[in-house]
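Encoded as structure tokens, the structure appears first; notes follow it.
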Amino acid sequence: MTVAFNMKEALRYGIHAEIEAKKFYMAWADSVKEEHLKKELVELSDWESEHEASLMNYYEKLYGEKCPIDPNLTVSPELKVQTKDFGDVTSLLRIASAAYLSELSAMEFYQKLEKESKGEAAVMFGKIKDMEKEHMDITKKRYMKLREDVAGFRAF
């Protein structure tokens, strides 16, 4: 049985995912002392805010109402981390890995929305997909750097 594509639910899901990612990157940024890392994480959070705004505007344009936000909805449970985890190297590796996988998932989600859409919507989803790919590359680089710091050498 094929499930029909539901744009309203897809947008709602995407908005919640962006809110979650934005909060995650800000929590991480708040936990670091290195200014370059803090700047990178704040920038990722800002980008997620831009995605959220784009999706919210599109939702409102399509449905004539603001998207209802459910504070209890969890899209990416792996991004629900405790502040204390940011101080532990092993936890940081897990967190960096979760960030990468979350961005990969987001890129795939927007790629699907891009294919399911036409015109202005397809262009918007394509742009967000490309930005998520960029985030994915940044988070992978961050993971590899943390891993290198832990292992003491670069394997490849």
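Worth knowing before you read on, the calculation uses all heavy atoms, side chains too, and leaves out hydrogens, waters and symmetry mates.
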Can you tell me which residue among K23, E43, E132 is in a side chain to side chain contact (heavy atoms under 4.5 Å, CB included) with E48? E132
Same apolar cluster (I L V M F W Y, side chains within < 4.5 Å links), M144/V32: yes
How close do A99 and W28 get, counting heavy atoms only, and between which atoms? CB-CZ3, 4.3 Å
Can you tell if the side chain of M56 reaches within under 4.5 Å of the side chain of I69, non-hydrogen atoms only? yes
Separation between NE2 of H36 and CD of E40, rounded to the nearest 0.5 Å: 7.5 Å
Would you indicate whether the side-chain heavy atoms of K141 and Y100 approach each other to under 4.5 Å? no
Give me the ring orientation class for H135 and H51: parallel if the planes are under 30° apart, tilted from 30 to 60°, perpendicular past 60°. parallel
Over-ring placement of K8 relative to Y63, 6.0 Å and 45° cut-offs: yes
Does a sphere of radius 6.0 Å around CD in E34 hold more than 12 heavy atoms from other residues, nucleotides or ligands, not counting ones at 6.0 Å or beyond? yes
Can you tell me if S102 uses its side chain to pair, donor with acceptor, with the backbone of A98 under 3.5 Å? no
Decide whether L146 and L41 are clustered together by the hydrophobic rule: side chain heavy atoms of Ile, Leu, Val, Met, Phe, Trp, Tyr closer than 4.5 Å, transitively. yes
Salt bridge flag under 4.0 Å for residues K61 and E120: yes
I want to check something: taking the side chain as every heavy atom from C-beta on, are L104 and K133 in contact at a cut-off of under 4.5 Å? no
Hey, are the side chains of Y13 and F109 touching, using non-hydrogen atoms and a 4.5 Å cut-off? yes
Cluster overlap L44 with L37, hydrophobic side-chain contacts below 4.5 Å: yes
Between E9 and R12, is the closest basic N to carboxylate O distance under 4.0 Å? yes
Quick one: does L62's side chain get under 4.5 Å of L11's, heavy atoms only? yes
Enter the distance from S45:OG to E50:CD here, rounded to the nearest 0.5 Å. 10.5 Å
Which value, rounded to the nearest 0.5 Å, describes the distance between K140 atom NZ and S97 atom OG? 11.5 Å
How long is the straight-line distance from OH of Y25 back to CG of D46, given to the nearest 0.5 Å? 12.5 Å
Applying side chain to side chain contact (heavy atoms under 4.5 Å, CB included), run through I15 and Y58 and close with a yes or a no. CA-CA 11 Å; I15 290 165; Y58 190 63; over 6 Å; no
Side chain to side chain contact (heavy atoms under 4.5 Å, CB included) partner of K129, chosen from M124, E108, E114: E114
Taking every non-hydrogen atom, the tightest pair across E20 and T74: OE2-CA, 3.2 Å
So for atom NZ, which belongs to K127, do other residues, nucleotides or ligands contribute more than 12 heavy atoms lying within a distance under 6.0 Å? no
Can you find a heavy atom in the side chain of P68 that is under 4.5 Å from one in the side chain of Y59? yes
Can you check whether D70's main-chain N or O pairs, donor with acceptor, with H16's side chain at less than 3.5 Å? yes
Nearest-0.5 Å distance, CG of residue L113 to CD1 of residue I128: 8.5 Å
Minimum heavy-atom distance between S49 and K22, given as atom pair plus value: OG-CD, 2.8 Å
With rounding to the nearest 0.5 angstrom, report the NZ to CD distance, K66 to E60. 4.0 Å
Run the salt-bridge test on K112 and E116 with the 4.0 Å N-O cut-off and return the result as yes or no. yes
Hey, are the side chains of S105 and L101 touching, using non-hydrogen atoms and a 4.5 Å cut-off? no
With a 4.5 Å heavy-atom cut-off, do S117 and M7 have their side chains touching? yes
